[in-house]
Amino acid sequence: MPDVMSSSRLIGVGVGPGDPELVTVKGVNALRAADVVVVPVMDTGEKGRAEATVLHYVPQERIVRVVFALNERSDHARREAAWDAAGERVAELLAAHPCVAFATIGDPNVYSTFTYLAHTIGELVPGVVVETVPGITAMQDLAARSGAVLTEGTEPLTLVPVTAGSAVLKDALNGPGTVVAYKFGRQAAEVAEVLRETGRLGDAVWGSALGLEAESIRPAAELDGAPLPYLSTLIAPARRDGTRGGKL
């Protein structure tokens with residue numbers, strides 16, 4: 001492993017859920033100031049959502065695709081090998097460049113690949129400075145596009161990745177406040193059933209490919225059990241009585 005100066009910086013930049021206009025000014029400045037911008041892909045021939053967004057602000061020649069085992073859940077050894085290889089590649093880039101940005105959809109501190117990369121780089125490159133620039137999340141974008149209010153007054157907000165199992169989602173829906181579910185596309189039928197069982201189907205809304213050509217935003221009541229895109233988002237608003245300031 002080449003020596004890396006302690007002044008090397010790795011910046012995780014949240015680029016939002018897909019609409020390039022939702023990248024913050026600070027995010028754009030960080031992407032443009034970096035020597036190279038790393039984008040995660042599952043295959044080197046693929047242009048992912050993060051890269052498509054970054055290309056609105058950074059020329060292709062400054063973008064580096066790095067393969068991550070983004071969809072590997074069963075083969076632990078393969079996933080670890082892929083993470084090691086990705087970490088080594090980013091460490092090489094840090095050895096050659098003072099500042100490397102990593103573009104992640106959404107926010108770098110919310111269910112992001114960057115969290116794991118930063119941990120790996122911290123072990124491979126002692127002294128590296130790791131920073132993050134927050135990004136707009138899918139739940140914020142879906143709320144804005146659908147008119148769903150995420151929280152009022154003293155309501156809690158619960159965020160659940162359905163990859164943890166529909167039972168976790170059901171527990172959250174039986175509780176108070178608004179529930180947001182991420183990554184539920186492959187379990188759409190189970191999610192629809194849980195919404196019905198908990199009486200939360202009526203006001204719920206789901207969206208996928210937010211800000212992209214294939215965008216779809218619909219009432220959750222229209223879920224017919226067919227699989228949805230993996231990166232689908234669900235908002236089940238809190239039960240409210242309709243009075244202004246009722247939860248203050």
Side-chain angles (χ1 to χ4, degrees), residues 12 14-19 22 39-43 46 48-53 67-76 78-79 82-83 86 102-117 134-146 148 150 157-175 177-195 197-198 200-201 204-212 214-220 222-237:
V15 296
D19 183 347
L22 290 182
V39 292
V41 295
M42 290 186 286
D43 181 274
E46 150 197 35
R49 192 178 300 189
E51 180 178 353
T53 304
V67 178
F68 288 79
L70 299 173
N71 62 343
E72 181 57 69
R73 286 184 164 74
S74 57
D75 190 334
H76 182 76
R78 178 179 177 274
R79 184 176 68 233
W83 275 108
F102 180 92
T104 178
I105 60 171
D107 182 277
N109 293 303
V110 180
Y111 299 128
S112 171
T113 307
F114 182 74
T115 302
Y116 309 109
L117 175 65
I136 301 295
T137 61
M139 65 177 170
Q140 292 170 287
D141 194 16
L142 179 57
R145 291 172 184 271
S146 67
L150 288 172
L157 174 65
T158 304
L159 177 59
V160 177
V162 183
T163 46
S166 59
V168 176
L169 176 61
K170 186 173 183 178
D171 287 343
L173 289 168
N174 277 323
T178 294
V179 176
V180 175
Y182 276 1
K183 306 177 183 180
F184 76 95
R186 296 170 188 167
Q187 295 164 273
E190 294 176 53
V191 168
E193 182 58 32
V194 169
L195 286 167
E197 290 176 3
T198 56
R200 302 289 291 269
L201 184 63
V205 62
W206 70 269
S208 63
L210 299 174
L212 304 176
E215 175 181 279
S216 181
I217 298 173
R218 298 183 185 178
E222 294 183 8
L223 290 172
D224 58 7
L228 301 173
Y230 174 66
L231 291 176
S232 293
T233 300
L234 173 85
I235 297 176

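Computed from heavy atoms alone, side chains included, the values below leave out hydrogens, waters and symmetry copies. All residue numbers refer to positions in the sequence shown, counting from 1.
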Notebook entry, point to check: With sequence neighbours excluded, what pairs up with A209 under the side chain to side chain contact (heavy atoms under 4.5 Å, CB included) test?
Noted result: L212, A214
Checklist line | Interatomic distance, L210 atom CG to Q140 atom CD [nearest 0.5 angstrom] | finding: 11.5 Å
Next item on the list: Mind checking side chain to side chain donor-acceptor pair (under 3.5 Å) for T53 and listing every partner two or more places apart, or none if nothing turns up?
Entry: none
Checklist line | Results of ring pair (Phe, Tyr, Trp, His ring centres under 6.0 Å) for F114 - residues two or more places apart only | finding: F102
Next item on the list: Taking all non-hydrogen atoms of both residues into account, name the closest pair between A226 and A188 and its distance.
Entry: O-CB, 3.5 Å
Margin query: Among residues at least two apart in sequence or on other chains, which ones pass side chain to side chain donor-acceptor pair (under 3.5 Å) with T198?
Written below: none
Notebook entry, point to check: Which heavy atom in A50 sits nearest to a heavy atom in P40, and how many Å separate them?
Noted result: CB-CD, 4.3 Å
Notebook entry, point to check: Atom NZ of K183 and atom OH of Y230: how far apart are they, to the nearest 0.5 Å?
Noted result: 4.5 Å
Checklist line | Minimum-distance pair of heavy atoms, taken over all atoms of P108 and P134 | finding: CD-CA, 4.2 Å
Check: Can you name the closest pair of heavy atoms from A204 and L234 and give their distance?
Finding: CB-CD1, 4.2 Å
Check: side chain to side chain contact (heavy atoms under 4.5 Å, CB included) with L201: which residues, sequence neighbours excluded?
Finding: L195, R196, A220, A221
Check: Side-chain contact, heavy-atom cut-off 4.5 Å: Y111 with T137?
Finding: no
Notebook entry, point to check: Can you name the residues that form a side chain to side chain donor-acceptor pair (under 3.5 Å) with S112, not counting sequence neighbours?
Noted result: T104
Next item on the list: Output every pair passing salt bridge (Lys or Arg N to Asp or Glu O under 4.0 Å) with a member in residues 105-114, not counting sequence neighbours, ordered by first then second residue.
Entry: none
Check: residues 165-174 side-chain donor-acceptor pairs under 3.5 Å, at least two apart:
residue: S166; atom: OG; partner: E190; partner atom: OE1; Å: 3.2
residue: K170; atom: NZ; partner: E197; partner atom: OE1; Å: 2.9
residue: N174; atom: ND2; partner: K170; partner atom: O; Å: 3.3

Note to self: Could you work out, with side chain to side chain contact (heavy atoms under 4.5 Å, CB included) as the rule, every residue matching I235, not counting sequence neighbours?
What the structure shows: L142, A143, A148, L150, T178, V180, V205, P237
Margin query: Within this structure, what is the OG1-CZ distance for the pair T113 and F68, rounded to the nearest 0.5 Å?
Written below: 6.5 Å
Notebook entry, point to check: So, the side chain of R218 versus the backbone of L223: is there a donor-acceptor pair under 3.5 Å, distance only?
Noted result: no
Note to self: Run the salt bridge (Lys or Arg N to Asp or Glu O under 4.0 Å) test against R145 and tell me which residues pass, sequence neighbours left out.
What the structure shows: D19, D141, E215
Checklist line | Spacing of T163 atom OG1 and Q187 atom CD [to the nearest 0.5 Å] | finding: 7.5 Å
Note to self: Would you compute the distance between atom CD1 of I217 and atom CH2 of W206 and round it to the nearest 0.5 angstrom?
What the structure shows: 9.0 Å
Item checked: Which atom of S232 lies closest to which atom of S208, heavy atoms considered -> OG-CB, 3.6 Å
Check: Which residues satisfy the side chain to side chain donor-acceptor pair (under 3.5 Å) test with E193, sequence neighbours excluded?
Finding: none
Next item on the list: Check F184 against V162 and note the closest heavy-atom contact, atom names and distance.
Entry: CB-CG2, 3.4 Å
